[in-house]
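Accompanying notes for the structure given below.
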Amino acid sequence: MAERAIPIADLRYAAATPRIPEQLTPPSGLLSDRLGRPLHDLRISVTDRCNFRCSYCMPKEIFTNDYGFLPQSSLLSFEEITRLARIFVAHGVHKLRLTGGEPLLRKNLEKLIEMLSGLRTPDGQPLDLTLTTNATLLARKAQALKDAGLKRVTVSLDALDDAVFRRMNDVDFPVADVLAGIEEARRVGLGPIKVNMVVKRGTNDQEIVPMARWFREHYDGQVILRFIEFMDVGASNGWRMDDVLPSAEVRRRIDAAFPLEPLEPNATGETAERWRYRDGAGEIGLISSVTQAFCGDCNRARLSTEGRLYLCLFASQGQDLRALLRGGATDEQIAGAVGLIWQERDDRYSELRGAMKADEGSGRRRVEMHYIGG
Ligand code: SAM
């Protein structure tokens, strides 16, 4: 059975074999792509499996029990991930985010975190090492993750109303357990904690103000709530523009309840526009991936569960770094290949989406979010 699954999973998306340059020069830490964007963040998907079946990401009808998830032998091992991460750090990456699927489902993840937390930038700085999770296992694992060297977590939570949340995760998982995970993460010092809420018009937009109220009132401004526009990632989630509630509308609703004022960005390439409550009760973030494309300063690369490098969340093809790892390439050769790939990058899907006709965008074969990581 497992043997039959291997080719299905491996052939699901097209992959190119990276080119190794003839002249190998050591990474300078100053890579820049065709649009002048540096390489700063690496998101690493550690599993393509998830215990939620959110309809906007892994709808139950498609991601059934016998869906062809990747077999264990296809996944990058912790040693392979760490080896690649070291190469990316030499090229200028300062931030690593573990994602999935649900990353806490990957067995012994603390071990990987321990290995990654030992990495240093070329000028000797530790990395910003973080993880995105649905928090189902967070209350149990927060302490071990912290002890292993994880700096902070981002938790996904789409509603406070238990019935709405259970409907959205589609596995009947209760809100209370996610809140317990957030509480434990805070207790062990995995902060500042960010909470991401994907807003889908007509599904959970009535939860915007209650979510804002809850996170203002319960965490002394230590938890930053961020609202994400429902995106047209992958091809399984039945995306329609009508389901997108623009961030401007999210801001208007919150501002009417709790007046807001804009904040300066923390860093270049930051996905969220920052706003703070005028009464000093903390800040929120708005991620307008659909209505206000932010490709112009996108400095993120994504490594899929089985080692393909993607240069855009909306990419249709990855570069097979695992083939280099398992084919005996040296670190210098892999670094050379990664450098070339980044230098040739010109992806800016979200900016182009605006100019596409509706059917052009949805017809492209794009990787799924659970596979590439959010
Ligand atoms: N399982 C982890 C989690 O729940 O955070 C990590 C992976 S999940 C794919 C990462 C993030 O992507 C989550 O916050 C999820 O809500 C978000 N996401 C998935 N599909 C999305 C979509 N179509 N539009 C916007 N955000 C989406």
Side-chain angles (χ1 to χ4, degrees), residues 41 43-60 62-63 69 96-106 109 130-138 141 145 152-159 164-165 168-171 173 175 177-178 181-182 185 190 193-201 203-205 207 211 224-247 250 271-272 285-294 300 302-305 310 313-314 349-350 353 361-362 366-374:
D41 287 17
R43 298 190 176 186
I44 304 172
S45 174
V46 293
T47 176
D48 59 341
R49 290 162 201 258
C50 188
N51 48 355
F52 277 9
R53 284 294 177 272
C54 307
S55 62
Y56 60 75
C57 188
M58 294 180 73
K60 219 173 204 166
I62 296 176
F63 297 93
F69 288 107
L96 297 178
R97 174 180 298 282
L98 301 182
T99 177
E102 171 46 43
L104 297 185
L105 292 180
R106 179 86 187 247
L109 190 74
T130 175
L131 173 143
T132 301
T133 176
N134 62 22
T136 47
L137 299 168
L138 192 56
K141 297 202 169 185
L145 296 169
R152 56 196 181 86
V153 289
T154 296
V155 171
S156 303
L157 176 64
D158 296 332
V164 175
F165 184 62
M168 286 187 80
N169 64 54
D170 214 7
V171 292
F173 196 83
V175 171
D177 291 13
V178 174
I182 294 174
L190 283 173
I193 299 173
K194 291 178 182 158
V195 171
N196 284 347
M197 170 179 176
V198 175
V199 180
K200 214 175 154 187
R201 190 197 291 274
T203 301
N204 65 339
D205 61 312
E207 287 291 294
M211 285 279 285
I224 302 171
L225 176 60
R226 307 184 322 160
F227 299 88
I228 306 181
E229 289 176 349
F230 171 42
M231 287 184 281
D232 50 335
V233 278
S236 309
N237 65 10
W239 184 87
R240 298 177 321 143
M241 189 66 203
D242 288 352
D243 296 330
V244 178
L245 189 86
S247 293
V250 174
T271 49
L286 298 172
I287 304 181
S288 317
S289 10
V290 178
T291 60
Q292 254 184 294
F294 39 78
R300 287 173 289 283
R302 294 177 156 86
L303 188 61
S304 78
T305 315
Y310 288 88
L313 186 52
F314 301 94
Y349 172 81
S350 296
R353 174 207 288 116
S362 56
R366 291 190 301 246
V367 290
E368 297 290 337
M369 186 84 137
H370 74 101
Y371 164 83
I372 192 178

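As the structure lists them, so they are numbered: ligands from 1, and atoms in each ligand from 1. What you see is a predicted model; the values in this text were computed from it and never measured.
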Check: Applying a 4.0 Å heavy-atom criterion (strictly less than), which segment of V198 is in contact with ligand 1: side chain, backbone, both, or neither?
Finding: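 The part of V198 near ligand 1 is the side chain, not the backbone.
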Checklist line | Residue portion contacting ligand 1 (non-hydrogen atoms closer than 4.0 Å) for T132 | finding: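 For T132, the contact with ligand 1 is made by both the backbone and the side chain.
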Notebook entry, point to check: What residue among L131, T136, V46, N51 forms side-chain contact (heavy atoms from CB on, under 4.5 Å) with L104?
Noted result: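 Per the side-chain contact (heavy atoms from CB on, under 4.5 Å) rule, the option paired with L104 is L131, out of L131, T136, V46, N51.
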Notebook entry, point to check: If you measure only the distance, is there a donor-acceptor pair under 3.5 Å linking the side chains of T305 and S45?
Noted result: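 Yes, a side-chain donor-acceptor pair sits under 3.5 Å.
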Notebook entry, point to check: Between the side chains of Y56 and D158, does any donor sit under 3.5 Å from an acceptor?
Noted result: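 Short answer, yes.
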Note to self: List the residues meeting side chain to side chain contact (heavy atoms under 4.5 Å, CB included) with S55, not counting sequence neighbours, and say none if there are none.
What the structure shows: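 Testing S55 for side chain to side chain contact (heavy atoms under 4.5 Å, CB included), a comparison that skips the adjacent residues, returns K200.
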Check: Parallel, tilted or perpendicular for F165 and F173, by the 30°/60° rule?
Finding: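 Perpendicular.
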Which atoms of ligand 1 sit under 4.0 Å from any heavy atom of [X]?
X    : value
T99  : 6 (C), 7 (C)
V233 : 22 (C), 23 (N)
N237 : 23 (N)

Item checked: Exercise: identify the closest heavy-atom pair between E229 and S247 ->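 Result for this residue pair: OE2-N, 2.8 Å.
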Would you say ligand 1 has an N or O under 3.5 Å from any N or O of [X]?
X    : value
S156 : yes
D158 : no
I228 : no

Check: Which option, S236, C50, G101, S55, owns the non-hydrogen atom nearest atom 1 (N) of ligand 1?
Finding: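 Considering heavy atoms of S236, C50, G101, S55, the nearest to atom 1 (N) of ligand 1 sits in G101.
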Notebook entry, point to check: What distance do S236 atom OG and E368 atom CD have between them, rounded to the nearest 0.5 Å?
Noted result: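 Answer rounded to 0.5 Å: 3.0 Å.
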Check: Measuring from the heavy atoms of M197, does anything fall under 4.0 Å of ligand 1?
Finding: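 Checking ligand 1 against M197, which is what was asked, there is no heavy-atom contact under 4.0 Å.
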